[in-house]
Amino acid sequence: MHGSYRWETQIARNISIKDLDREEIIRTVDEAVRRQRLSEPGTRKVKDLLIGLGLLQEDNLLNAAVVLFGKSKSFLPNYIQCTLRLARFRGTYKTEFIDNRQVTGNAFELFEQAQIFFRNHLPVSGKILPDKFERVDEPLYPAAALSTAPNKFVTILSASA
């Protein structure tokens with residue numbers, strides 16, 4: 001589909017810059033600059049940053065800006081894409097829940113909530129080695145695997161929510 005017709009590039013209705021998390025915008029830009037994924041914009045004015053990120057069109061926020069940086073009160077009922085369902089099932093069938101949660105937030109909040117859910121539910125083994133003063137903990141999955149898994153998880157679940 002042509003890029004100008006995609007949902008994320010359409011104007012967000014009844015949402016203003018005040019509905020966005022200013023600190024998250026600045027933190028994201030700072031981190032992107034630090035990682036050399038974005039050139040230093042020379043400003044930390046939110047409106048200018050949003051223009052530079054392509055999230056503002058003729059003084060109107062795009063849906064992408066809301067999904068990335070919106071405050072939770074801005075979402076429902078119009079932004080079901082910002083809802084994440086997290087579940088842990090008993091056994092191999094999806095008939096009995098051990099834990100079942102639903103969280104709402106911007107993409108960064110959802111990513112953080114998914115990581116917390118994983119940390120709370122994935123086993124961590126520990127062992128004491130003779131040459132170490134502290135116990136060595138080893139999670140079931142390496143941290144690198146979990147740092148990318150929530151992104152895919154969010155995409156899958158938000159599409160089906």
Side-chain angles (χ1 to χ4, degrees), residues 1-88 99-122 124 134 136-161:
M1 209 173 182
H2 191 270
S4 64
Y5 297 112
R6 292 193 317 247
W7 178 86
E8 64 271 15
T9 62
Q10 294 176 11
I11 294 173
R13 303 286 176 214
N14 302 318
I15 305 283
S16 72
I17 290 177
K18 291 183 280 189
D19 296 313
L20 301 182
D21 185 339
R22 178 185 184 281
E23 289 77 26
E24 186 64 59
I25 295 168
I26 293 170
R27 185 174 30 254
T28 300
V29 168
D30 287 344
E31 186 64 20
V33 168
R34 187 185 73 76
R35 293 180 184 212
Q36 299 180 343
R37 294 180 178 169
L38 184 68
S39 299
E40 173 58 53
T43 183
R44 290 305 179 262
K45 292 181 182 176
V46 171
K47 183 175 180 179
D48 294 338
L49 295 174
L50 292 170
I51 291 169
L53 293 170
L55 298 173
L56 201 62
Q57 180 182 45
E58 300 174 12
D59 283 337
N60 294 306
L61 287 172
L62 301 181
N63 284 326
V66 179
V67 170
L68 287 170
F69 303 115
K71 295 177 188 172
S72 294
K73 67 178 177 64
S74 307
F75 297 125
L76 296 176
N78 298 324
Y79 289 89
I80 60 169
Q81 298 85 345
C82 297
T83 300
L84 176 63
R85 292 182 60 200
L86 301 159
R88 182 172 178 222
D99 193 0
N100 184 18
R101 298 172 190 251
Q102 183 169 308
V103 292
T104 301
N106 65 43
F108 297 101
E109 293 168 335
L110 294 178
F111 181 72
E112 182 179 343
Q113 289 299 314
Q115 288 180 319
I116 290 168
F117 189 84
F118 287 146
R119 278 195 303 269
N120 289 341
H121 290 294
L122 292 176
V124 176
E134 295 180 4
V136 176
D137 290 335
E138 294 181 12
L140 179 62
Y141 300 107
L146 295 179
S147 70
T148 56
N151 280 332
K152 293 176 185 171
F153 194 58
V154 168
T155 301
I156 292 167
L157 288 178
S158 66
S160 65

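- Taking the salt bridge (charged side-chain N to carboxylate O under 4.0 Å, His left out) definition, one finds that R22 meets it with nothing, sequence neighbours left out.
- Scanning all heavy atoms of the two residues, the minimum distance from P41 to V29 falls at CG-CG1, 3.9 Å.
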- Quick one: do D99 and H121 satisfy side chain to side chain contact (heavy atoms under 4.5 Å, CB included)? Show the steps, please. CA-CA 9 Å; D99 193 0; H121 290 294; 2.7 Å; yes
Identify each donor-acceptor pair in which a side-chain atom of residues 49-70 lies under 3.5 Å from a protein atom, sequence neighbours left out, and give them as a table.
from, atom 1, to, atom 2, distance (Å)
D59, OD1, K47, NZ, 2.8
N60, ND2, E58, O, 3.4
N63, OD1, Y79, OH, 2.7
N63, ND2, W7, O, 2.9

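- Of the inter-residue distances, the one linking K18 atom NZ with L20 atom CG reads 11.5 Å to the nearest 0.5 angstrom.
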- Using the side chain to side chain contact (heavy atoms under 4.5 Å, CB included) rule, take F108 and E112 through it: C-alpha gap first, then chi angles, then the decisive distance, then the call. CA-CA 6 Å; F108 297 101; E112 182 179 343; over 6 Å; no
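- To the nearest 0.5 Å, atoms CD1 (I116) and CZ (R101) are separated by 10.0 Å.
- In this structure E24 satisfies the salt bridge (charged side-chain N to carboxylate O under 4.0 Å, His left out) test together with R27, sequence neighbours excluded.
- Residues passing the salt bridge (charged side-chain N to carboxylate O under 4.0 Å, His left out) test with D21: none are found, sequence neighbours excluded.
- Contacts classified as salt bridge (Lys or Arg N to Asp or Glu O under 4.0 Å) and involving residues 32-41 (residues at least two apart or in different chains) are given here: E31-R34, E31-R35, E40-R44.
- Tested against F117 for a side-chain contact (heavy atoms from CB on, under 4.5 Å), the candidates V103, L84, L86, L122 yield a single pass: L86.
- Applying the side-chain hydrogen bond (donor to acceptor under 3.5 Å, both in side chains) criterion to R88, with sequence neighbours excluded, gives no partner residue.
- Within 6.0 Å of atom CG in N100, more than 12 heavy atoms from other residues, nucleotides or ligands are found, so the atom counts as buried in its surroundings.
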